[in-house]
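Everything below concerns the one structure shown next.
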Amino acid sequence: MESNLKRTCLYDKHVALGAQMSPFAGFDMPIQYTSIIEEHNAVRHACGIFDVSHMGEVLISGPDAERLVGHLFTNDVREMTPGKVLYGMMLYPNGGVVDDLLVYKKGDEEFFLVINAANIDKDVAWMQENCAGFNAKVENQSEAYAQVAVQGPKAEELVEKLLHVTVSDLEFYTFKELEIDGKKAIFSRTGYTGEDGFEIYGDAAYINKVWDTLVGSGEVLPCGLGCRDTLRFEVALPLYGHELSQDITPIEAGLGMFVKMDKPEFIGKEAIARQKEEGVKQKVVGIELHEKAVPRNGYDVEAEGTRIGYVTTGYQSISTGKSVCMALIDSRYAALGTEVDVRIRKKLFKGTVCKKRFYQKNYKK
Amino acid sequence: MSKVIEGLYYSESHEWVKVEGAYGYIGITDYAQHALGNIVYVDMPDVDDEVEKDAEFGAVESVKAASDLISPVSGKVVEVNEVLEDQPELLNQDAYANWIIKVELTDTTDLDSLMDAKAYEATCKE
């Protein structure tokens, strides 16, 4: 089994750093190097670097590229200018989510899509199945790109100083392509931590160089997927398979702002319109426990002695110390302030429905 | 790499027992704390609860996972280490200096099936 795992181009560096490696989305990935807490705090207060080369990249190009992306994607790409990035989802006709993704507009006929590693095959097949009648090409470029995320309040300063590039001109959710050593690399002001920072896409050679330069400086801490999850969780960024899935629509997940109903059409629009009109039966909420205990994915949420849902992600928040979780529950219990219970092993722990954002984002806008 | 110390009894599930007269102090090993990573919560039984050899009596939770505590011996809980309620990270700092529960041993022959330091050290290397 283990031998079937894919390795990113930075694999040897993770092993040399003594990282705890674990399978994730078919890749053997670093979970932590020294301590999840230390890595988490580095990103909140200084700067960390993540190997996210497992993420998938797809290029949609051709005269109908914009129309095809608009057909597949919930957000509105019509107003985008080249250099802009948008977050949104691809939906099934029933409103369930195929994947959540970033769309980069490279040019009027060129869109670069960044998708979840676990969903690459499924997503590419979905795009190909639904591109009939569009004069556009769908290309899976995942193998060609390695990627690192450099995140934290010091990311801008350190990326500029150490990599000798200018990124301070990038606004939040914009990108630029730079030619470095004769090859193109993409720098975007995006991330999955709630902090300012950049995602850098390039070939294996360049990404290795970026890693070596930043990590070698001693100013940027290598960070594993363990703290990537604790960081994104605290600022309520969803993880596909947890807060979003084929069984959880964006409306149920509280992400309706990324679904633009004034677009002429997109796959899933009718189902979402119906759901908006009729209301949702289940909702992703935040819950704060009254006692210290750790609510984890899959644990039951109960009210008045009945199961009303389950925890999608939960932690003792590293930044706040609070025992908190996101949970998918019966929407009748979803109002802020509702008292619910979370079953942790044999015991029931009392909690209160609260806002999902447990920590304030610190973006540079 | 992990530390193992002489004079304790060890279980395959990485708990240790230190025997003092009729009582046993139970904790987790250095190997266990290292495998778990940053420990953020220890779920302990109450005083006067009965624990049973090879049965779960609580859990140690790290940032990323919960791990059951399995009692290496049977007995009655006479004390729990309340310091761990506020400072669970002490288990990361020194897993042997911070016991989790103290039990009154029911049957000292429970200890016969446990490993000594040397045998435990060998299992950690496997």
Side-chain angles (χ1 to χ4, degrees), chain A residues 18-24 29-44 223-234 239 242 289-299 311 313-325 342-349, chain B residues 1-3 13-14 28 30-52 54-71 77 80-95 98 100-101 124-126:
Chain A
Q20 215 176 80
M21 305 295 290
S22 189
F24 181 84
M29 296 298 286
I31 299 305
Q32 65 173 62
Y33 297 86
T34 53
S35 136
I36 292 180
I37 294 176
E38 190 190 330
E39 293 162 25
H40 177 106
N41 287 330
V43 173
R44 285 274 179 261
C223 292
L225 296 186
C227 80
R228 187 169 157 86
D229 200 53
T230 58
L231 288 159
R232 69 90 194 164
F233 162 75
E234 286 183 343
L239 172 61
H242 291 247
L289 298 188
H290 301 171
E291 281 178 71
K292 267 193 200 171
V294 192
R296 298 194 187 272
N297 177 232
Y299 289 2
V311 173
T313 308
Y315 285 106
Q316 191 182 98
S317 159
I318 294 173
S319 301
T320 70
K322 291 176 179 169
S323 294
V324 282
C325 63
V342 178
R343 188 172 289 280
I344 299 178
R345 287 177 291 279
K346 288 163 206 159
K347 287 178 239 172
L348 279 182
F349 287 83
Chain B
M1 281 284 278
S2 302
K3 197 166 91 171
S13 50
H14 307 286
I28 61 166
D30 189 48
Y31 177 92
Q33 73 75 19
H34 191 256
L36 282 161
N38 296 123
I39 293 168
V40 297
Y41 180 70
V42 187
D43 184 2
M44 294 180 280
D46 295 321
V47 169
D48 289 339
D49 279 1
E50 296 283 340
V51 297
E52 202 179 312
D54 299 329
E56 171 266 319
F57 71 92
V60 179
E61 304 230 16
S62 69
V63 173
K64 62 180 189 286
S67 177
D68 282 345
L69 287 164
I70 308 296
S71 187
V77 179
V80 301
N81 188 356
E82 286 170 4
V83 176
L84 295 175
E85 285 173 11
D86 291 321
Q87 293 176 277
E89 68 277 9
L90 290 174
L91 292 176
N92 290 123
Q93 287 164 22
D94 190 340
N98 294 282
I100 297 171
I101 57 170
C124 290
K125 280 184 186 141
E126 272 166 19

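The structure presented is a predicted model; accordingly, all values stated were derived computationally and were not measured. Hydrogens, waters and symmetry mates are skipped; everything else that's a heavy atom, side chains included, is used. Numbers restart at 1 for each chain; the letters A, B, ... are given by sequence-line order, proteins then strands.
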Would you mind reporting whether V63(B) and H40(A) have side-chain heavy atoms less than 4.5 Å apart?
-> no

Nearest heavy-atom approach of H34(B) to Q20(A) is O-NE2, 4.2 Å

- Do V40(B) and K292(A) touch side chain to side chain, with heavy atoms closer than 4.5 Å? no

_If you define the side chain from C-beta out and look only at heavy atoms, does anything of R296(A) sit under 4.5 Å from E61(B)?_
yes

Rounded to the nearest 0.5 angstrom, the CD1-NZ distance for I36(A) and K64(B) is 4.5 Å

Applying a strict 4.5 Å limit to non-hydrogen atoms, the region of N92(B) in contact with chain A is neither

Within a radius of less than 6.0 Å around CD of E52(B), do more than 12 heavy atoms belonging to other residues, nucleotides or ligands occur? no

Okay, Y299(A) and chain B: the region with an atom under 4.5 Å from a heavy atom over there is side chain

Okay, T230(A) and chain B: the region with an atom under 4.5 Å from a heavy atom over there is side chain

One should read off an interatomic distance between N38(B) CG and E38(A) CD, to the nearest 0.5 angstrom, of 8.5 Å

